[in-house]
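As structure tokens, the structure follows; a few thoughts come after it.
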Amino acid sequence: MFNVSPEAIAITKRFFIALDVLIGQRKLKSLNSFAKKYNINYWNLCTLRNEPERRVLKIEYITCLIKDYNISPWYILFGTGNIFSQTTTDIL
């Protein structure tokens, strides 16, 4: 059985919180639209959301949120600060 660290599980959960915020703000239509836009298998993404202790979030998924939606890497990785980057230096 694959062992996913508590830190990785927390990062995955924050990733999906950020996606939910973007969907709520209508910056994304749905989880499926995110998957299609970035050529991610939708069912794998759903499984990751429902079972974060059994799957590992790919780093490139996080970069999509940081680069294209101004999500703070500090929020995703460490759970600190605002969900959105305040300045461009936050993402450097």
Side-chain angles (χ1 to χ4, degrees):
M1 176 141 176
F2 190 68
N3 188 16
V4 180
S5 72
E7 293 85 1
I9 292 169
I11 290 168
T12 299
K13 288 180 178 181
R14 287 190 294 271
F15 170 83
F16 284 106
I17 289 169
L19 278 175
D20 288 341
V21 167
L22 292 169
I23 291 166
Q25 292 181 345
R26 299 180 192 251
K27 293 179 181 178
L28 281 171
K29 185 175 180 181
S30 65
L31 185 61
N32 192 27
S33 68
F34 176 80
K36 285 181 181 180
K37 181 175 183 175
Y38 296 102
N39 199 27
I40 299 169
N41 182 293
Y42 174 71
W43 296 111
N44 288 345
L45 203 57
C46 287
T47 301
L48 177 62
R49 176 179 218 144
N50 295 327
E51 301 177 33
E53 67 284 346
R54 297 188 62 203
R55 306 270 186 196
V56 176
L57 178 67
K58 291 185 176 184
I59 193 73
E60 56 266 29
Y61 299 177
I62 296 171
T63 61
C64 297
L65 294 184
I66 293 168
K67 286 173 35 180
D68 295 343
Y69 298 98
N70 202 35
I71 296 295
S72 168
W74 297 105
Y75 170 78
I76 295 289
L77 296 175
F78 305 111
T80 60
N82 193 317
I83 194 167
F84 291 100
S85 292
Q86 299 302 307
T87 65
T88 55
T89 57
D90 287 349
I91 60 174
L92 299 178

Kindly compute the distance separating CD1 (I40) from OH (Y61), expressed to the nearest 0.5 Å.
-> 5.0 Å

Looking only at atom types and distance, does a side-chain atom of R55 sit under 3.5 Å from a main-chain N or O of N44, one as donor and one as acceptor?
-> no

Take I11 and I62 through the side chain to side chain contact (heavy atoms under 4.5 Å, CB included) test and state the conclusion after the steps.
-> CA-CA 9 Å; I11 290 168; I62 296 171; 3.9 Å; yes

Side chain proximity check, Y38 to D68, heavy atoms < 4.5 angstrom | yes

Closest approach of Y75 and N82, non-hydrogen atoms and distance?
-> CB-O, 3.5 Å

Can you tell me how far the CG atom of L48 sits from the CD atom of E53, to the nearest 0.5 Å?
-> 10.0 Å

Under 4.5 Å between any side-chain heavy atoms of P52 and F16, yes or no?
-> no

What distance do N70 atom CG and L65 atom CG have between them, rounded to the nearest 0.5 Å?
-> 11.0 Å

State, to 0.1 Å, how close F15 and L45 come at their nearest heavy-atom pair, and which atoms those are.
-> CE2-CD1, 4.4 Å

Stepwise, does the side chain to side chain contact (heavy atoms under 4.5 Å, CB included) test hold for Y69 with L28?
-> CA-CA 9 Å; Y69 298 98; L28 281 171; 3.1 Å; yes

Could you give the distance from CD1 (I17) to CG (L22), rounded to the nearest 0.5 Å?
-> 12.0 Å

I71 versus V21: any side-chain heavy-atom pair under 4.5 Å?
-> no

Could you tell me the separation between the OG1 atom of T47 and the CZ atom of R54, rounded to the nearest 0.5 Å?
-> 9.0 Å

What pair of heavy atoms forms the shortest contact from S85 to S72, and how long is it?
-> OG-CA, 3.3 Å

Mind running side chain to side chain contact (heavy atoms under 4.5 Å, CB included) on L31 and C46 for me, showing each step along the way?
-> CA-CA 8 Å; L31 185 61; C46 287; 4.1 Å; yes

Hey, mind stepping through D20 and R49 against side chain to side chain contact (heavy atoms under 4.5 Å, CB included) and telling me if it holds?
-> CA-CA 11 Å; D20 288 341; R49 176 179 218 144; 2.5 Å; yes

Rounded distance (nearest 0.5 Å) linking atom CG of L77 with atom CZ of R14 | 7.5 Å

Using the six-membered ring of F84, assess whether NZ or CZ of K27 lies under 6.0 Å from its centre and within 45 degrees of the ring axis.
-> yes

